[in-house]
Student: 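Quick one: this structure, given as structure tokens, is what I'll be asking you about.
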Amino acid sequence: MKLDTSLLTGLPPFSRLDREQIRQILDDATSRRYEEGATIFQEGHDAERFYLLLDGYLRVIRTTPDGEQIIVLHISPGQLFGIAKALQRSTYPATAVAAAESIALSWPMRLWESYVAQYEGFATESYKTLGQRLGEIQTTLTEMATQAVEQRVAAVLLRMTNQSGQKTEEGIEIGFPVTRHNISDMTGTTLHTVSRLLSAWEKDGIVRSSRKHIVVTDPHALMLLSRPKG
DNA sequence: CCATTAAATGTAC
DNA sequence: GTACATTTAATGG
């Protein structure tokens with residue numbers, strides 16, 4: 001399939017490139033669709049390709065030695081992922097799973113160096129998003145270590161609405177399917193506690209939820225809940 | 001305050 | 001009907 005150059009034109013890693021350069025990059029790329037729940041690549045496997053998410057949402061997961069899954073972060077459309085080379089790694093540091101049906105472009109990892117060398121701004125923009133992710137991971141870890149469960153869950157809901165929120169009549173809806181179990185993986189608690197919190201918040205008119213689907217109807221109230229005390 | 005256990009109810013395929 | 005999501009109560013650290 002011939003891909004349109006408008007797919008990449010506005011995106012940070014390619015923002016300083018002209019149409020012809022983008023055309024070349026797209027001709028190197030493979031486009032693929034992933035079902036909800038499909039694994040794009042696995043932690044520890046050889047990093048053969050790097051990716052750009054065009055549509056959908058991904059969960060990036062790490063598995064602890066005792067088999068527990070931690071959701072490290074989410075990837076939104078327009079972001080590069082699986083860029084192991086930027087981390088000086090030859091294997092993927094985490095597993096990427098499609099949280100919703102998704103479409104991603106990918107390139108052979110050997111092109112990474114050539115893009116970095118050849119295209120102005122590609123490296124700096126990529127490292128910028130990498131740095132932003134590290135910051136996000138760090139604040140998540142700090143929250144996990146210092147804040148109570150209720151505050152962590154509130155913070156995670158807010159982060160997901162910021163990353164993928166879509167306005168509806170009711171409020172802001174998280175743009176991909178999320179289960180209580182997913183949220184418990186993100187916050188280091190249990191699905192039961194998440195269920196109780198969401199039920200309580202629903203009664204207070206802060207959220208509205210159904211199966212795999214959450215709408216935040218009162219973001220300000222959640223913001224207050226994400227802060228200690230209260 | 002929160003995890004665990006267990007049981008019941010919903011909901012999608 | 002099966003499988004999975006969600007809720008709720010009970011119990012204990």
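No experiment lies behind these values; they were computed from the predicted model shown. Residue numbering restarts at 1 for every chain, and letters A, B, ... go by the order of the sequence lines.
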Student: Does Thr140(A) form a side chain to side chain donor-acceptor pair (under 3.5 Å) with Arg159(A)? I'd like the steps, not just the answer.
Tutor: CA-CA 10 Å; Thr140(A) 301; Arg159(A) 194 168 305 130; 3.1 Å; yes
Student: Decide if atom CD of Glu120(A) counts as having more than 12 heavy atoms of other residues, nucleotides or ligands within a radius under 6.0 Å.
Tutor: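 Atom CD in Glu120(A) is not crowded, with 12 or fewer foreign heavy atoms closer than 6.0 Å.
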Student: Strictly under 6.0 Å, is that where the ring centroids of Phe14(A) and Tyr119(A) end up?
Tutor: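 That pair fails the under 6.0 Å test.
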Student: Could you check if a side-chain atom of Phe176(A) sits within less than 4.5 angstrom of a side-chain atom of His74(A), using non-hydrogen atoms only?
Tutor: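 A side-chain contact under 4.5 Å exists here.
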Student: Measure the shortest side-chain to side-chain distance between Val97(A) and Leu58(A) over non-hydrogen atoms and say whether it is less than 4.5 angstrom.
Tutor: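 Side chain of Val97(A) against side chain of Leu58(A), heavy atoms only: no contact under 4.5 Å found.
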Student: Please examine the side chains of Arg133(A) and Ile75(A), heavy atoms only from C-beta on, and report whether any two atoms are closer than 4.5 Å.
Tutor: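 Yes, at least one pair of side-chain atoms sits under 4.5 Å.
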Student: With heavy atoms of chain A within less than 4.0 Å as the criterion, where does contact along DNA chain B begin and end?
Tutor: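 Footprint of chain A along DNA chain B, 5' to 3': dC2(B) to dA12(B).
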Student: Quick one, Asp185(A) and Leu191(A) - any side-chain contact, counting heavy atoms below 4.5 Å?
Tutor: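 Sidechains of Leu191(A) and Asp185(A): no contact.
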Student: Could you write nucleotides 5-13 of chain C as a row of B, S and -, 5' to 3', where a protein heavy atom under 4.0 Å of any base atom gives B, of only sugar-phosphate atoms gives S, and otherwise -?
Tutor: SBBBBB---
